[in-house]
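Have a look at the structure below before the remarks.
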Amino acid sequence: MKHSKQIAGLAVAAAMTASSVFPAFADTTKEEVQQQISDYQNQQDDLEQQLADLKQNQSDAAAYLSQLDGMIDNYLSELDTVEQQISETNDQISVTKADLQAAKDDEAEQYNALKARIQAMYESGDQNYLELFLGEADLNDTLNNYEYVSQINTYDSNLLQQLKDTRQQIEDYEADLENQQAIQEQQEEAYQVEMDSLQKIADQRQEELDSLGDQINSLNYDISTVQDKLDAQKTVLADLNSAEQAEEQASAAKAAAASSSSSSAAQTVSTSTASSGSTSSGSAADTSSSSSSSQTSSSGSSSSASSSSSDTSSSSGSSYSGTVLSKSRGSVMGPSGKETYYNLNMGGVVSIMRSLGYSAEEYPYWVRSDGCKMLGNYIMVAANLSIRPKGTIVQTSLGAGIVCDTGGFASSNAYQLDIATNW
């Protein structure tokens with residue numbers, strides 16, 4: 001018997017330990033946690049797909065921006081070339097203007113010299129012709145002199161014409177250079193306009209690229225947040241699994257203790273029966289004493305049955321005569337403290353109680369006619385598990401209850417009971 005009590009004590013301790021581990025998750029079932037994990041995983045998958053799409057858009061935008069930058073660089077190169085050409089043309093125009101001015105000066109100087117000689121000749125008169133007509137001059141000398149003068153005049157005329165032609169060529173070249181310069185400036189303006197247009201497009205694409213970068217950063221943050229929640233739920237699931245294993249171990253210990261206790265009780269009954277048989281067969285002569293002993297035994301048995309009946313009546317709560325909890329009375333002060341009610345799916349709670357050894361045969365789940373949710377003959381209630389562990393029988397205004405669950409109310413009112421109903 002002593003050994004049996006030790007085993008029973010260990011089973012109770014194991015059950016209380018498991019109860020102290022499990023309360024943090026009593027309001028959440030494994031199915032709910034697994035559903036949350038699935039939801040978070042789906043959210044993460046959606047965010048990952050959005051992130052992949054944004055990264056593809058970012059890659060496309062970056063490639064197009066790179067192409068625009070290349071085109072802008074080409075236009076910048078063209079602009080540099082055109083500006084260099086314009087600079088060279090300006091230098092050529094400057095040189096040409098200087099040459100043209102020099103040619104104009106030479107032409108003017110030659111023209112002035114020719115005019116001076118002609119003027120001097122006319123002012124001095126032509127003595128050769130006069131002497132020829134008077135017969136005093138040598139005809140050959142006169143002709144030679146005249147031919148010489150004529151050659152000089154022809155040379156001056158040719159030189160003057162050459163100077164005029166040179167000046168005209170320089171003027172034509174200058175006109176060509178200025179026309180070339182005008183074309184180059186038009187090209188420069190066109191390149192500048194095109195480059196400015198490309199630069200505006202590039203700036204817009206850069207803004208889009210920056211916006212995509214911000215969206216990607218935001219998505220990365222969201223993914224990280226969902227990952228944290230996912231990890232937290234996985235931790236909860238792992239803890240629930242651990243608590244479930246602890247509950248199973250406690251249930252096994254409880255079953256072992258019950259088996260050991262039943263065996264010890266059977267041995268005690270067997271010993272008692274054998275002793276009784278020995279007594280009755282050993283004293284057949286003392287009929288009066290035997291009869292008296294039998295009456296005494298009968299009286300004791302009657303007293304024990306009466307005591308048992310009294311205990312059963314007490315556990316059913318029939319002695320309570322105070323206010324009874326109802327849907328219209330949301331809260332009452334019952335025999336064990338403040339009472340409230342709640343209506344939730346009890347599937348997970350019943351499953352946990354089954355794992356603790358409360359079988360469906362001995363403790364079926366059902367709903368009483370007044371709406372109370374029952375586990376066997378007891379109303380299912382939630383309580384502070386550190387004070388009333390699971391399986392504790394407690395009196396309520398509606399009858400005897402069994403602690404199966406807990407809730408947030410336990411932190412503010414350690415002795416409050418929350419009764420499971422379908423109200």
Query raised in the report: Just by modelled atom types, is the D231 backbone N or O under 3.5 Å from a matching donor or acceptor in the T235 side chain?
Result: yes
Query raised in the report: For the side chain to side chain donor-acceptor pair (under 3.5 Å) test, which of Q50, K55, Q49 pairs with D53?
Result: Q49
Query - Q215 side, atom CD; L51 side, atom CG - distance, nearest 0.5 Å - result: 11.0 Å
Query raised in the report: Checking side chain to side chain donor-acceptor pair (under 3.5 Å) against T89, which of E185, E178, Q184 comes through?
Result: Q184
Report summary line: Here the pair of heavy atoms bringing P335 nearest to Y320 is CD-CE1, 3.6 Å
**Report entry** Within-4.5 Å side-chain heavy-atom neighbours: L385 and V403
**Finding:** yes
Query raised in the report: Should Q43 and K229 count as side-chain neighbours, where that means a heavy-atom distance under 4.5 Å?
Result: no
Report task. Taking all non-hydrogen atoms of both residues into account, name the closest pair between Q416 and F409 and its distance. Result -> O-CE1, 3.4 Å
**Report entry** Spacing of Q85 atom CD and Q92 atom CD [to the nearest 0.5 Å]
**Finding:** 10.5 Å
Report task. Keeping the roles fixed (side chain from W366, backbone from L375), state whether a donor-acceptor pair exists under 3.5 Å. Result -> no
Query - Side-chain donor or acceptor of N112 paired with backbone N/O of A108 under 3.5 Å - result: yes
Query - Exam field: side chain K373 to backbone L344, donor-acceptor pair closer than 3.5 Å - result: yes
**Report entry** Q161 and D165: side chain donor to acceptor below 3.5 Å
**Finding:** yes
Query raised in the report: Going from OG on S351 to CZ on R354, what distance comes out if it is rounded to the nearest 0.5 angstrom?
Result: 9.0 Å
Requested in this report: Heavy atoms only: give me the nearest E361-P364 pair and the separation to one decimal.
Outcome: O-CD, 3.9 Å
Determine all donor-acceptor pairs shorter than 3.5 Å in which one atom belongs to a side chain in residues 217-226; sequence neighbours excluded.
residue	atom	partner	partner atom	Å
N217	ND2	G213	O	3.3
N220	ND2	I216	O	3.2
T225	OG1	Y221	O	2.9

Query raised in the report: Taking atom types as modelled, is there a side-chain donor on N241 or Q245 under 3.5 Å from an acceptor on the other?
Result: no
Query raised in the report: Between D60 and Q56, is any side-chain donor less than 3.5 angstrom from a side-chain acceptor?
Result: yes
Query - Distance, nearest 0.5 Å, that separates NZ of K390 from CE of M353 - result: 7.5 Å
Query - Shortest non-hydrogen separation from G399 to T396 and the atoms involved - result: O-OG1, 2.6 Å
Query raised in the report: Is the side chain of S397 donor-acceptor paired with the backbone N or O of L325 at a distance under 3.5 Å, no angle test?
Result: yes
Requested in this report: Go through the steps for R368 and I379 under the test side chain to side chain contact (heavy atoms under 4.5 Å, CB included), then give the verdict.
Outcome: CA-CA 9 Å; R368 207 165 66 184; I379 303 169; 3.8 Å; yes
**Report entry** Minimum-distance pair of heavy atoms, taken over all atoms of R388 and Y415
**Finding:** NH1-O, 3.2 Å
Query raised in the report: Could you state the interatomic distance from CG (L237) to CD (E32), rounded to the nearest 0.5 Å?
Result: 12.5 Å
**Report entry** Check: L100 and R167 side chains under 4.5 Å, non-hydrogen atoms
**Finding:** yes
Query raised in the report: Around N42, counting heavy atoms of other residues, nucleotides and ligands shown, do more than 12 lie under 6.0 Å from its CG?
Result: yes
Query - Separation between OG of S211 and CG of N57, rounded to the nearest 0.5 Å - result: 10.5 Å
Query - Sidechain-backbone polar pair: S251 side chain, S355 backbone, donor-acceptor under 3.5 Å - result: yes
With a 3.5 Å cut-off and sequence neighbours excluded, list the donor-acceptor pairs that the side chains of residues 194-204 form with protein atoms.
residue	atom	partner	partner atom	Å
D196	OD1	Q192	NE2	3.0
Q199	NE2	D203	OD1	3.1

Query raised in the report: Are a donor atom and an acceptor atom from the side chains of D405 and Y342 found within less than 3.5 Å of each other?
Result: yes
Requested in this report: State, without any angle test, whether D80 and Q84 hold a side-chain donor-acceptor pair at a distance under 3.5 Å.
Outcome: no
**Report entry** Heavy-atom closest pair, residues L230 and Q44
**Finding:** CD2-OE1, 3.7 Å
Requested in this report: Among T406, T340, N413, find the one that has a side chain to side chain donor-acceptor pair (under 3.5 Å) with D418.
Outcome: T340
